[in-house]
Structure formats: structure tokens, C-alpha cells
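Step one of this worksheet: look at the structure below.
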Amino acid sequence: MTTAEPADIRPRIDEALVRRLVDTQFPQWAGLPLRRFELAGSDHAIYRLGEELSVRLPRHAGAVGQAAKELRWLPRLAPRLPLAVPVPVAVGRPGLGFPWPWAVSRWLDGEVATAASLGDSSRAAAELAQFLTALRCYAPEDIPGGDAWDELTCPPLSDRDAETRVAIAELGGMFGGAAMTELWDAALDAPGWDRSPVWFHGDFHTGNLLTVDGRLSAVIDFGGLGIGDPACDLMIAFTLMSPRVRAVFRDALGVDDATWLRGRGWALATGLNAYTCYAAVDPRVAAQTTRQITQALLG
């Protein structure tokens, strides 16, 4: 994003625009059918291109840069991971009134994971722990400084303090203001990550997991990919898993008390943020984030 662009710019994205972008920049795919993927999240509009490709365009300035990041890192990570990931094949240029880069990736079949289908599955919990272990075991070596390093740096949990306390005050009557404040204070006071930085997904929740025939098959949307404290990826324990299965997941991943507490803090903060932004207009988000917040409070 250039400095001249307003931070809240929301370009109109429709099939006609995507068709023209693909046809003009990637004529080798001009003859492939294009159809909108209705379950796309709030950060990107997604279209299926033919049978094997997807087109993903950022909806807002906060999602800009994800295409280039995934193109740079996912081809290196994918061979080391036990679940499929959407390896990018091209990054498109801004054009035709659309202001930002956009991506073409390999399409991954599957249904979005839900707590109803996998929340009580110890097998799924173990598979997710294996995925995160494999991701963390890939040593973050040979990363140049400058922009390449900066794009992988995640702001600390404390950077969310002001907005989280505002949300707690706003939603305290719904979720319990005292309990949320107690958890948030404890998460901020927990000892930080004192080991070597490791890779994390950065947005590890049910909406970014795919299943085929009731089994986990893929992890998508690596726009939050980074290196540092992996506590943010513990969000999945509170968006997907029952308390019993959370224990299986934590044991398989070997999470210490401080990291688990920071993970609960990440789940609370991101859940509150999503609830305040989208729950009023999207019942699906309201249900998911209500579960995330209440499960984070349970521990």
C-alpha cells in the first residue's frame, strides 16, 4: 500500500473484474471457468479458476502483502508439512482499478472444519499437533534482513492491550468482564517465549482448516505466517476443540504453562476483535467467536 492510499479503502471485487485481471495478466488461463467461492473470509475474495486453481484478492489494505509472502515461503515449507497447503503459482499486479497485488494458487478440495465435526476428535487434535510441530521444526535460516524479515515479525500480544480492554468493557455483560480482565492480565504477565524463534501459522483457526471425508486434509491462508513466539497458533484449541481434546492437543504439542496462558490471551483478544467487528452482520462469525471467547475463559 502506498502512503497515498486511505487505510480503509475497500475496492469493489466482482467476477467481471477478476475475469479481466486473469485474462489480461495470465492469458494462459483465460479460457478456464471462473466462479466465486462463497465461504471466503473477511480478508480476501476467492474465486475458483478451472478445477485446479484459485484466485485470491485482498479486500482491504490490512491483507496486502500476503500474496507475496506466501509465494516466497510456502514452496519452502510445503514439502515439510504433513497436511496440504495452498502453494502459490503466480502473483498478479495491481490493475483495472484494483490497487493491490493478488494471488493464483493451487486449489485444495475440502470442507471447512467445524467444532461440530472435529471438536471431540482426538485424532484431529493429534494431527494438528503434528502439523505445528513440523512447522516449528523447520529452522528459520537464511532469511535476509529488511523487508523479508519484517514481514515475518508478529507484534507482541501487548500491542493488543488497548483495543482488547475496550472490547472487554463493551462485551463484559455478555461474556463476563471480570473473568476476561483476569485472563487478559494473566496472559500479559506470563513469561515470554525464551527459546529460539520458530515458525507459526498466525491465523490458526477452524476457518483455515479443510477436511475431506471427515478427516483433516489441508491448512490454508498463511497471510499471518511469521517467526517468533508460537503461542498465537494455540487459538485452534479454543476455536475447534472440546476441553477433553484440548488436553490431548496440549500434551501432544508439549506446551508449557506460560505459553498456554499466552495462547489463551491470543484466543481472547482475536475473538473479541472479530466479534466486535463482524458478529452483528454475520451470524456464523458470531457463533464461532462466542465459542472462542468462552472456551478461552475455560482454559
Side-chain angles (χ1 to χ4, degrees), residues 65-66 69-70 72-74 76-77 80-82 85 125-165 180-205 208-209 219 221-241 246-274 292-293 295-299:
Q66 294 185 14
K69 181 196 287 190
E70 292 185 351
R72 186 195 298 258
W73 299 112
L74 285 186
R76 304 188 193 190
L77 292 169
R80 303 169 182 268
L81 300 174
V85 299
E127 289 174 339
L128 289 171
Q130 290 171 351
F131 178 88
L132 291 179
T133 298
L135 181 62
R136 297 175 186 183
C137 284
Y138 177 45
E141 299 172 347
D142 302 324
I143 298 175
D147 292 344
W149 182 262
D150 291 343
E151 75 177 6
L152 297 172
T153 302
C154 178
L157 187 60
S158 58
D159 278 15
R160 292 178 172 264
D161 187 40
E163 68 183 52
T164 300
R165 293 191 189 278
M180 288 192 291
T181 299
E182 181 180 1
L183 171 57
W184 185 240
D185 287 342
L188 292 180
D189 289 341
W193 183 253
D194 59 359
R195 282 159 274 177
S196 298
V198 295
W199 287 94
F200 54 79
H201 178 277
D203 198 19
F204 207 56
H205 60 75
N208 290 332
L209 304 178
V219 178
D221 196 350
F222 283 75
L225 181 70
I227 294 173
D229 178 3
C232 57
D233 281 349
L234 299 179
M235 187 191 319
I236 192 60
F238 309 100
T239 59
L240 179 67
M241 302 172 192
R246 271 202 294 278
V248 174
F249 172 75
R250 180 177 178 178
D251 184 63
L253 198 54
V255 181
D256 61 85
D257 290 345
T259 303
W260 189 256
L261 186 52
R262 296 194 308 278
R264 292 175 64 197
W266 277 105
L268 177 66
T270 56
L272 287 170
N273 177 267
Q292 180 174 329
I293 294 164
Q295 293 297 308
L297 292 171
L298 286 176

Are Leu272 and Met180 packed together at the side-chain level, in the sense that at least one heavy-atom pair is separated by less than 4.5 angstrom? yes
Side chains of Trp266 and Asp233: do they bring a donor and an acceptor to under 3.5 Å? no
Aromatic rings Phe131 and Phe204: how do their planes relate, parallel, tilted or perpendicular, breaks at 30° and 60°? parallel
If only atom types and distance count, is the side chain of Thr164 paired as donor or acceptor with the main-chain N or O of Arg160 below 3.5 Å? yes
Can any side-chain N or O of Asn208 pair as donor or acceptor with the backbone N or O of Asp203 at less than 3.5 Å? yes
With a 4.5 Å limit on heavy-atom distance, are the side chains of Glu70 and Asp221 in contact? yes
How about Glu182: does its CD atom have over 12 heavy atoms from other parts shown lying under 6.0 Å from it? no
Can you measure from CZ (Arg136) to CZ (Phe200) and round to the nearest 0.5 angstrom? 10.5 Å
With heavy-atom distances below 4.5 Å as the criterion, would you say the side chains of Leu261 and Asp257 are in contact? no
Within a strict 4.5 Å, meaning less than it, do heavy atoms of the His201 and Ile236 side chains meet? no
Would you verify whether the NZ or CZ of Arg264 falls within 45 degrees of the ring axis of Trp260 while also being under 6.0 Å from that six-membered ring's centre? no
Rounding to 0.5 Å, atoms CG (Leu225) and CG (Leu152) come to a distance of 6.0 Å
Going by side chain to side chain contact (heavy atoms under 4.5 Å, CB included), Leu135 matches just one of Val198, Val219, Leu81, Val85. Which one? Leu81
CZ-CG distance between Arg165 and Leu188, expressed to the nearest 0.5 angstrom: 6.0 Å
Could you give the distance from CG (Asp159) to SG (Cys154), rounded to the nearest 0.5 Å? 8.5 Å
Would you say Trp199's side chain and Tyr138's backbone share a donor-acceptor pair under 3.5 angstrom? yes
Supply the atom-to-atom distance Leu234 CG to Phe249 CZ, rounded to the nearest 0.5 angstrom. 5.5 Å
Give a yes or no on whether a salt bridge exists between Arg262 and Asp256, defined as a side-chain N under 4.0 angstrom from a carboxylate O. no
Going from CG on Asp229 to CZ on Arg195, what distance comes out if it is rounded to the nearest 0.5 angstrom? 9.0 Å
